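Reading through the structure tokens given below for one structure.
Residue numbers run from 1 in the order of the sequence given. Note that the coordinates shown come from a computational prediction; the quantities given were computed from them, not determined experimentally.
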Amino acid sequence: MEIALKQRMHWLALHGFVRGVASLGARRGDLQARLIADSSVKADPVPFYEEVRAGGPLVQTRLGHITADHAIGHELLRSDDFRVVSIGSNLPAPLRWLEGRTRHDLLHPLRPPSLLAVEPPDHTRYRKTVSSVFTPRAVAALRDRVEQTAECLLDELSREPGVVDIVDRYCAQLPVAIISDILGVPDRDRQRVLEFGELAAPSLDFGLPWPQYQRVERGLAWFNSWLDAHLGRLRRSPGDDLMSQLIRKAESGSPETYLAGLVLAAGFETTVNLLGNGIRMLLDNPEHLGTLSRHPELWPNAVEEILRLESPVQLTARFALKDTEIAGKQVGQGELVVVYVAAANRDPAVFTDPNRFDIERENAGRHLAFSGGRHFCLGAALARAEGEVGLRAFFDRFPEVRAAGAGSRRDTRVLHGWSTLPVALGPARSMATR
Ligand code: HEM
């Protein structure tokens with residue numbers, strides 16, 4: 001099949017059909033369809049969380065079920081009766097066939113063998129291999145790197161005070177430096193990793209329009225060929241980075257393949273969003289900044305509260321492996337349940353006055369922002385360190401920083417954060433006064 005036609009067919013199978021059905025369903029008010037196709041939900045999801053909650057603990061839709069209920073989400077993510085969704089697997093049979101016939105075999109965060117798309121026994125084996133190098137000790141060492149990198153980036157910003165886009169200059173640069181360290185990426189390629197991450201971020205969304213799908217595919221193709229070359233270099237001359245260690249450890253198979261999700265979706269853009277969301281929330285609530293400067297020991301809890309209230313990953317989904325019952329409702333074998341993590345994180349049954357930003361909230365850490373069960377985020381400790389160190393260092397350095405415009409949201413549905421965030425930095429606090 002001609003390449004352009006093959007790509008069109010692939011889009012149609014994977015996104016075009018879903019998009020068509022979701023647009024129709026959204027006009028009729030179907031909640032899951034609105035999640036895919038309603039632009040007002042993407043622009044401001046908060047009112048939509050409450051609409052889903054008002055539908056009951058587990059809402060039946062034309063496309064499956066959706067839950068904003070914390071207890072159900074918590075239980076479902078840990079249940080052996082459900083499995084993760086891999087890209088294309090939720091399509092009706094003819095479309096699944098077409099998708100299989102027309103796709104490139106590019107690494108994709110939601111396609112096996114990515115950790116995000118496999119289940120035991122493969123998942124157990126892969127996760128064990130990754131955990132053997134991604135140890136608490138390795139993460140502690142990375143925390144030192146986070147501190148040094150944050151200080152370097154802030155030094156650069158201090159030399160040119162004024163209005164800057166803080167997402168571009170800081171929130172993106174810090175995680176890209178850390179993920180590059182993990183993967184052994186040389187300095188000259190770091191900007192590229194950033195571009196791959198940005199291009200591929202919508203790869204977690206379903207029902208993409210054709211132009212966005214093309215950008216994602218281009219990003220994945222570039223990433224695949226870059227990764228091939230990069231891993232070839234690491235095999236020839238390994239460094240002391242975690243990826244080189246992983247390559248040495250893996251007796252068979254290619255560890256890079258199940259880490260594709262980590263690089264492109266799980267471990268990078270998510271952290272950029274945590275930092276951007278945190279800066280925005282704290283600028284909008286300066287009284288909390290006062291409290292944090294008097295009580296810096298509150299920073300870890302403030303990060304939990306940011307993750308709860310503006311969750312960088314808004315949702316995940318699972319398939320029922322057999323007929324089962326949750327919250328007194330039947331879920332049939334093969335049916336899809338969307339766990340609306342961001343809405344569950346505002347469940348009033350768990351969090352008092354759930355829409356209030358409260359850095360001293362006692363149970364802020366009970367959020368589901370890192371998922372749960374066997375797919376619980378492998379990078380949670382690192383992400384927490386990046387959030388805590390990154391935000392604290394920034395506000396310590398620029399105590400008078402202010403928002404300098406509305407900024408713009410990212411064009412993604414599963415991932416949630418700022419694409420641009422202009423801030424007026426104000427004077428930098430000198431090292432001597434810190
Ligand atoms: C604020 C930042 C982050 C958030 C909100 C986040 C969130 C998540 C979520 C929700 C999942 C599970 C998805 C599901 O259950 O379907 C996940 C999985 C994962 N995350 Fe993170 N993540 C973050 C940062 C990181 C970092 C920094 C790394 C590593 C460098 C990382 C590595 C992973 C990996 C490898 C998985 C797959 C685990 C598995 O399936 O067994 N994440 N993350």
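Atoms CD and CG, on Gln330 and Leu58 in that order, are 10.5 Å from each other to the nearest 0.5 Å. Taking CD of Glu119 as the reference point, atom CZ of Phe319 lies at 12.0 Å (rounded to 0.5 Å). The distance from the CG atom of Leu199 to the CG atom of Leu220 is 8.5 Å, given to the nearest 0.5 Å. Rounded to the nearest 0.5 angstrom, Ile178 CD1 and Thr271 OG1 are separated by 10.0 Å. Residue Cys171 holds its SG atom at 4.0 Å from CD1 of Ile279, rounded to the nearest 0.5 Å. The distance from atom CG of Asp347 to atom CZ of Arg366, rounded to the nearest 0.5 Å, is 9.5 Å.
Between Arg127 and Leu115 there is a side-chain heavy-atom pair separated by less than 4.5 Å. Between Glu198 and Val272, every side-chain heavy-atom pair lies at or beyond the 4.5 Å cut-off. Met243 is not listed as a side-chain neighbour of Ile182, based on a closest heavy-atom distance of 4.5 Å or more. The shortest distance between side-chain heavy atoms of Val18 and Leu91 falls below 4.5 Å. At a threshold of 4.5 Å between non-hydrogen side-chain atoms, the residues Val401 and Phe394 count as touching. Annotation: side chain of Val84 is not in contact with side chain of Leu116 (no heavy-atom distance under 4.5 Å). Leu274 has its side chain out of reach of Glu386: every pair of non-hydrogen atoms, C-beta onward, lies at least 4.5 Å apart. You'll find the side chain of Val164 reaches within 4.5 Å of the side chain of Val423, heavy atoms only.
Taking the charged nitrogens against the carboxylate oxygens, Glu99 and Arg96 have no contact shorter than 4.0 Å, which rules out a salt bridge. No salt bridge links Arg361 with Glu304; every basic N to acidic carboxylate O contact stays at or beyond 4.0 Å. Taking a cutoff of 4.0 Å between a charged side-chain nitrogen and a carboxylate oxygen, Arg190 and Asp181 qualify as a salt bridge. Comment: Glu195 does not engage Arg192 in a salt bridge, judged by the lack of any side-chain N to carboxylate O separation of less than 4.0 angstrom. A salt bridge does not link Asp44 with Arg409: every distance from a Lys NZ or Arg NE/NH1/NH2 to an Asp or Glu carboxylate oxygen is 4.0 Å or more.
For Thr124 (side chain) and Pro120 (main-chain N/O), no donor-acceptor pair under 3.5 Å exists by modelled atom type. Side chain of Thr412 to backbone of Leu415: a donor-acceptor contact under 3.5 angstrom is found. Although no hydrogens or angles enter the test, the distance criterion places a donor-acceptor pair under 3.5 Å between the side chain of Asp30 and the main chain of Ala33. In terms of modelled atom types and a separation under 3.5 Å, the side chain of Arg83 and the main chain of Ala117 share a donor-acceptor contact. Remark: side-chain polar atoms of Thr135 are not paired, donor with acceptor, to backbone N or O of Ser132 under 3.5 angstrom. Here the side chain of Ser114 pairs no donor or acceptor atom with the backbone of Leu110 at under 3.5 angstrom. In this structure a side-chain-to-backbone donor-acceptor pair under 3.5 Å is missing from Glu388 to Ala385. Here the side chain of His367 pairs no donor or acceptor atom with the backbone of Arg308 at under 3.5 angstrom. Counting only distance, with no hydrogens or angles, the side chain of Glu269 and the backbone of Leu194 share no donor-acceptor pair below 3.5 Å. Asn277 places a side-chain N or O within 3.5 Å of a backbone atom of His416 that can act as its donor or acceptor partner.
Every residue meeting the side-chain hydrogen bond (donor to acceptor under 3.5 Å, both in side chains) condition with Asp80, not counting sequence neighbours, appears here in chain and number order: Arg374. Applying the salt bridge (Lys or Arg N to Asp or Glu O under 4.0 Å) test to Asp240 and every residue at least two apart in sequence or in another chain returns nothing.
A tilted orientation is assigned to the rings of Tyr213 and His10, their planes being inclined by 30° to 60°. Note on ring orientation: taking the six-membered ring where Trp is involved, the planes of Phe196 and Trp226 are tilted (angle from 30° to 60°).
Residues Pro312 and Leu307 come closest through the heavy atom pair CD-CD2, 3.9 Å.
For Glu297, the CD atom counts as densely surrounded, since its 6.0 Å shell holds more than 12 non-hydrogen atoms of other residues, nucleotides or ligands. When the shell of 6.0 Å around CH2 of Trp299 is examined, it contains more than 12 heavy atoms from other residues, nucleotides or ligands. Surrounding CZ of Arg233 are more than 12 heavy atoms belonging to other residues, nucleotides or ligands, all under 6.0 Å away.
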Run the side-chain hydrogen bond (donor to acceptor under 3.5 Å, both in side chains) test on Thr420 and Asp165 for me, step by step, so that the C-alpha distance in whole Å, both residues' side-chain angles and the decisive distance to 0.1 Å come before the verdict. CA-CA 6 Å; Thr420 60; Asp165 173 12; 5.1 Å; no

Could you walk me through whether Ser244 and Asp241 pass the side-chain hydrogen bond (donor to acceptor under 3.5 Å, both in side chains) test, one step at a time? CA-CA 6 Å; Ser244 295; Asp241 55 89; 2.9 Å; yes

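Under 3.5 Å, the side chains of Ser371 and Thr316 contain no donor-acceptor pair of N or O atoms. A donor and an acceptor atom, one from each side chain of Thr67 and Asp69, are nowhere located under 3.5 Å apart. With hydrogens and angles left out, the side-chain atoms of Ser225 and Asp228 include no donor and acceptor closer than 3.5 Å.
For residues 51-98, the ring-ring contact (aromatic ring centres under 6.0 Å, His included) pairs, not counting sequence neighbours, are His70-Phe351. Within the structure, every pair that satisfies the salt bridge (Lys or Arg N to Asp or Glu O under 4.0 Å) test and touches residues 320-332, not counting sequence neighbours, is listed here: Asp81-Lys322. Within the structure, every pair that satisfies the ring-ring contact (aromatic ring centres under 6.0 Å, His included) test and touches residues 37-63, not counting sequence neighbours, is listed here: Tyr49-Tyr340. Among residues at least two apart or in separate chains, there is no salt bridge (Lys or Arg N to Asp or Glu O under 4.0 Å) pair with a member in residues 202-221.
A cation-pi arrangement is found for Arg280 relative to Trp418, the charged atom lying closer than 6.0 Å to the ring centre and inside a 45° cone about the ring normal.
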